[in-house]
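These notes concern the structure reproduced below.
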Amino acid sequence: ADPGYYRWTQWLFVQMFRRGLAERREAAVNWCPVDQTVLANEQVVDGACERCGSPVELRQLSQWFLRITEYAQRLLDDMSDLVDWPERVLTMQRNWIGRSEGARALFRTDDGELEIPVFTTRPDTLFGATFFLLAPEHPAVGRLVAGRPEEAAVREYVRAAARASVADRTAADRPKTGAFTGRGVRNPVNDELIPVWVADYVLMDYGTGAIMAVPGHDERDFAFARAHGLPVRRVIAPEGAAADAPLEEAYAGDGRLVNSGFLDGLPVEEAKPAIATWLEERGLGEATVGYRLRDWLISRQRYWGVPIPIVHCPACGPVAVPEDQLPVLLPPVDDYAPKGRSPLAASPDFVRATCPDCGGPAERETDTMDTFVDSSWYFLRYTAPHLSCGPFERDVVDYWLPVDQYIGGVEHAVLHLLYARFFTKVLNDVGLIGFREPFARLFTQGMIHYLGAKMSKSKGNVVAPDEIVERYGADTLRLYILFMGPAAEDAEWQDQGVEGQRRFLDRLWRLVAAQDGGVLAQRPAIEALRDDPLALELARKAEATVAKVTQDIAERFSFHTAIAAIQELVNLATKGQAEGTLSSEGGRAALRHATQTAVSLLFPFAPHVASELWEALGGERLWVEPWPQADEAFLVQDTVTVVVQVNGKLRDRIEAPAGLADAELVAIARERPRVAAAIEAAGGRNGARVVREVVVPDRLVNLVVA
RNA sequence: GCCGGAGUGGCGGAACGGUAGACGCGGAGGACUUAAACUCCUCGGCCCCGCAGGGGGCGUCCGGGUUCGAAUCCCGGCUCCGGUACCA
C-alpha cells in the first residue's frame, strides 16, 4: 500500500492499457459471495474461493482483464529456457495453459442470418455432427429463440444455469441437461440441418462457447444424445469393424473414416488436416489452436489494493490517467468492509474527475487491482527501490536480472510464477527490460505435515515456533527443520526429532568446552600426523566434511545431508577425545582443528551457537571468516578399502595401498581364502574358472566365474 | 481419464551403475547414580547354521530385461501423493 511503489504498478498498468493488454469487458466472472469480490480463474480452487473456501458463483459483470492469453504460446515456448525449474511446476503450467490443436468451423443458422463458429479438436468427425450446442451465456441464444414457442423454456434454462455455482456447473458426473431452441444450423461440410440446443456443459469461455456435437465419438455428446433422444452416427471405424456397426458407447479410438463423403477411408490423423484444408479453401473454417488459459481478471472490489488508474468519460470511454498525475492515491473512507462494490466508490471526491482527453466531467474507476499484480514485478524494483523517475533502470535491471535462484512454495505454480513470467514478457516487448524470463532457477520447498495434515493455521495443527525456541533454542529449531529431509519434499514433523538436534548441539558444546581456551589452531601438517592413525583419520574427515558440506549446500540444496556430515565429524572427534587417543601433540592439533572446522561449517545452520563456540575456541567474528576450503592433500587416501566380488556378490574386503595396478589387485584378491573358496564354489565340479576380471581402481574387484 | 512425482529397516531418510540402510528418532542391553535425569558404551533389515569367534542365504513395491555388477538404467504392472478435468 506504499504509494511510492504502487505508483509504478499503475504506471505499468497504463503501459499495458496503451498496448491493448489491459481492457475492460463484460463476461461471466467468478464471484465470491463472502469476500464480496470477483476472482481470477487461478484463485478458484475446486470451485471455491482460494482465500475463504466459499463456493464461487458466476456473475455477468464488466471487469478489467490483463490479456495473458495473448502470451499463451510464448509462455509455453519459453519453458525451454527454464531448465532448472522443477518438472512438476512446468507440468502444472503446461496443464493450466492447456494447448490443444484443432480447427474452427462455421455453422450457418437455418434462416441464413447468423454464422456461429465452433472449435473442435476432432475436425475429422465433422460428418458425425448430429446436433449443435450453445453455452447458456452464448450471445446468439436470445436472437435464436426470440418470439418462438420455445423461448420461455430456453430462458428459464439459461436463468437456472446462471444461478448454479461454479462447482455445480463443472462437475463432470452430473446429468446432461439441455433445452431445445426450435432452431437449426447447417453443417458446413454437407449442408445438413441439425438441431440447436442450449446445454450447460458447454462453457462460454472455452473455444467459442458453441460446439458441434458428435455423439458417436465423444462421451459427453453421447450421453446428451441418449438423454434427449438425438441420433448417433458412426464416422470412425476401428480396424476390421463394419462402417455401420452400431455404437453402444462413444468410440474415441483410432481408425478410418466412414460415412464421411470425400474423407472415407482416410485414417484419423490424415483426415484432420484434410478437412481443415477443405474448410479453409471454402472460407468455412481453418486449422487453429485452442488454449485453456483465460485472461487474468484483475479488478477487485476491495479497498486495500492499487487503484486502477482509469477515468471513465461518457464521451471518450475509459481513459488512462496521464503518467505525470500518478499515483492515483487510495482515498480515505469510513468503511473498508466489502459490500459488493468497491469501498472506494463511497468517496465522492475520489470518484469525481475530469476526462484527461476532452476535459469533460467523468468518473474515476473505483476497483483496485488484484494483489498478484503488485507481486508480478517487485523483484525488478529491488534493483532501484527509491527511484522516482521510473519503475527501474534498464541497464541496472538488465545487470541484476533474471533472478539467479528463486525459492518458493509449489502453491505459486499457476499464480505468481505464471503472472510474473507474463509481466516479464510484456516488459520485454515494451522495451523496458532485456530478458524474457524472470527466474532462471526455481527451487520449490516442500510443506510440513503434522498429525496427518499440512501444517497450517486453518487446520489448527501448527507447532508454534516460539514454544520450540523457548524450550530448545532457535538454532535447534533451525537445525531440525533443515535436517527433517530433502528440502524439496514434504516432511512430517516429529516432536522427538527436535530433541535429537539439541543433543547434537550439546555434544558439540561439550567437545569445545573440554578444550583449552587459547587461540585458533592452524591446520596441522599431514606429515605431523603420520604416527597417530586416529589423528590422521580425523584430519582427513575434517577436510572431506568441508568438501561435502560445501557441495551439498551450493550444488544440491541438500541441507539434511550437510548437517549429517557435520554430525559424523563431531561424532568422530568426540570419540577420539573420549578415548584419550588424541593426546599426542599432533592429535591435539587435529582435534582442535576438526572442532573448529565443524563449528565453522555449522554456522549457516546454527549461527548463534556456532558464533558462541567460535569465540570459545579463541576466534572472534565467525560471520566475517572465509568459508573453509578443503585441503586436497588430506583428501588423497594412502590406503583404500577394496571390495572383492565373485560374480557380483560381495566376498571380501582388502586394505591396500592406493594406486595399485589392476593386475596386482586381482592377484591379492585371488589369494584371499574366502575369495578362493567362493571361486571354487561358483565353479562347482565342472571345473569352471575365472573368465573375466573387472577392476575399478582403488574401489572394487569383480571376478567372473563361468 | 490425462499429466507429473514417489515407493528403501519400527519411523524420517542415506547411497546420483560399484560395500544397501550414512545421519537422526524410537527400541533393547549395559556403565555411572542411593535412585532417577543427563551422559557414555554395546546391539539393532529378515531367515538359517554355530557354544562362540564367525559363516551362509534372502532383501530397496511386484514381474521381466540390460549389465561383470541395478535401489539406481529399460519394458510391463500395482500402490500412494500432487496437478488438471463436461476444456469440445
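Computed from a prediction, not measured in an experiment: that's the story for all the values here. The chains referred to below are lettered A, B, ... by the order of the sequence lines, with proteins before strands, and numbering in each begins at 1.
When the nucleotides B:C3, B:A15, B:C23 are ranked by their closest atom to the side chain of A:Thr561, B:A15 comes out on top. Listed nucleotides: B:A22, B:A88, B:G55. Nearest to the side chain of A:Arg674: B:G55. Comparing B:C3, B:A88, B:G4 against the side chain of A:Leu203 picks out B:A88 as the nearest. Among the nucleotides B:C23, B:G18, B:C11, the one closest to any side-chain atom of A:Gln494 is B:C11. Minimum atom distance to the side chain of A:Glu87 is reached by B:G4, of the listed B:G4, B:C23, B:C86. With B:G4, B:C23, B:C68 as the candidates, the nucleotide lying closest to the side chain of A:Val694 is B:C68.
Both cation-pi conditions hold for A:Arg292 and A:Trp96: the charged atom is under 6.0 angstrom from the six-membered ring centre and inside a 45 degree cone around its axis.
Between A:Arg556 and B:A15 there is a side-chain N or O to OP1 or OP2 distance below 4.0 Å. Look at A:Ser100 and you won't find any side-chain N or O under 4.0 angstrom from OP1 or OP2 of B:C87. Within the structure, every side-chain polar atom (N or O) of A:Arg94 is placed at least 4.0 Å from both OP1 and OP2 of B:U84. Checking the phosphate oxygens (OP1, OP2) of B:G5, no side-chain nitrogen or oxygen of A:Arg88 falls inside 4.0 Å. A sub-4.0 Å separation between OP1 or OP2 of B:C40 and a side-chain N or O of A:Arg510 is present. The phosphate of B:C23 has neither OP1 nor OP2 within less than 4.0 Å of any side-chain N or O from A:His560. When the side-chain nitrogen and oxygen atoms of A:Arg292 are compared with OP1 and OP2 of B:A85, one or more of them lie within a distance under 4.0 Å. Taking 4.0 angstrom as the limit, A:Arg651 places none of its side-chain polar atoms (N or O) nearer than this to OP1 or OP2 of B:G69.
Counting to the nearest Å, the P atom of B:G59 and the NZ atom of A:Lys649 are 7 Å from each other. Between the CG atom of A:Asp490 and the P atom of B:G7 there is a distance of 14 Å, rounded to whole Å. One atom, CZ of A:Arg99, and another, P of B:C87, lie 18 Å apart when rounded to the nearest Å. Atom CD1 in A:Ile563 sits roughly 15 Å away from atom P in B:G13 (whole-Å rounding). What separates CD of A:Glu101 from C1' of B:A88 is a distance of 15 Å, to the nearest Å. Per the geometry, CG belonging to A:Asn647 stands 15 Å off P belonging to B:G56, to the nearest Å. If you measure from atom CG of A:Asn95 to atom P of B:C87, you get 14 Å, rounded to the nearest angstrom. Rounded to an integer number of Å, the gap from A:Ile448 CD1 to B:G12 P is 14 Å.
A:Val696 comes within contact range of at least one nucleobase, with a heavy-atom separation under 4.0 Å. Here A:Gly500 lies in heavy-atom contact (under 4.0 Å) with sugar-phosphate atoms only. Residue contacts shown for A:Asn571 are limited to sugar-phosphate atoms, with no base heavy atom under 4.0 Å away. Counting non-hydrogen atoms under 4.0 angstrom, A:Pro86 reaches nothing in the nucleic acid. Within 4.0 Å of A:Arg220, counting heavy atoms only, lies at least one base atom of the nucleic acid. Among the atoms of the strands shown, none is found under 4.0 Å from any heavy atom of A:Val89.
In this structure B:G63 sits in a base pair with B:C75, meeting the Watson-Crick or G-U test at under 3.5 Å. Across all strands shown, B:G12 forms a Watson-Crick or G-U wobble pair with B:C23, both key distances being under 3.5 Å. If you check B:G18 for Watson-Crick or wobble pairing at under 3.5 angstrom, you find it paired to B:C68. Base-pair partner of B:U39: B:A31 (Watson-Crick or G-U wobble, both distances under 3.5 Å).
For A:Gln645 against B:G18, a side-chain N or O and a base N or O form a donor-acceptor pair under 3.5 Å. Side-chain N/O atoms of A:Arg294 and base N/O atoms of B:C87 include a donor-acceptor pair closer than 3.5 Å.
Between A:Trp197 and A:His228, the gap from one ring centroid to the other is short of 6.0 Å. Under the 6.0 Å cut-off for aromatic ring centres, A:Phe559 and A:Phe483 do not qualify, their centroids lying 6.0 Å or more apart.
Here, B:A52 and B:C25 have their P atoms 31 Å apart, quoted to the whole Å. Straight-line distance between the C1' atoms of B:U72 and B:A14: roughly 13 Å, to the nearest whole Å. The separation of B:C86 from B:C78, taken at their C1' atoms, amounts to 30 Å, rounded to a whole angstrom. Here the separation of B:U60 from B:G7, taken at their C1' atoms, is 9 Å to the nearest Å. With both ends at atom P, the span from B:G56 to B:A20 equals 13 Å, rounded to whole Å. A gap of 24 Å separates the C1' atoms of B:A88 and B:G4, to the nearest Å. Comparing the P positions of B:G83 and B:A70 gives an interatomic distance of 37 Å, to the nearest angstrom. As rounded to the nearest Å, B:C62 and B:A6 have C1' atoms that lie 16 Å from one another.
By the 30° and 60° cut-offs, the orientation of the rings of A:Tyr201 relative to A:Phe224 is tilted. Under the 30°/60° scheme for interplanar angles, the aromatic rings of A:Tyr419 and A:Trp296 are found to lie parallel.
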### Message
For a side chain to side chain contact (heavy atoms under 4.5 Å, CB included) check, start with the C-alpha distance between A:Val512 and A:Gln515, then their side-chain angles and the critical distance, and finish with the verdict.
### Response
CA-CA 5 Å; A:Val512 171; A:Gln515 297 181 33; 5.8 Å; no

### Task
Kindly indicate, with the supporting measurements, whether the criterion side chain to side chain contact (heavy atoms under 4.5 Å, CB included) is fulfilled by A:Val29 and A:Leu58.
CA-CA 5 Å; A:Val29 297; A:Leu58 283 182; over 6 Å; no

### Message
Would A:Val498 and A:Leu477 count as a side chain to side chain contact (heavy atoms under 4.5 Å, CB included) here? Give the steps.
### Response
CA-CA 7 Å; A:Val498 182; A:Leu477 177 60; 5.6 Å; no

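The residue among A:Leu650 and A:Val414 whose nearest nucleotide of RNA chain B is located toward the 5' end is A:Leu650.
The glycosidic torsion of B:G21 lies more than 90° away from 0, placing the base in the anti range.
Using a 4.0 Å cut-off between charged nitrogen and carboxylate oxygen, A:Arg67 and A:Glu70 count as a salt-bridge pair.
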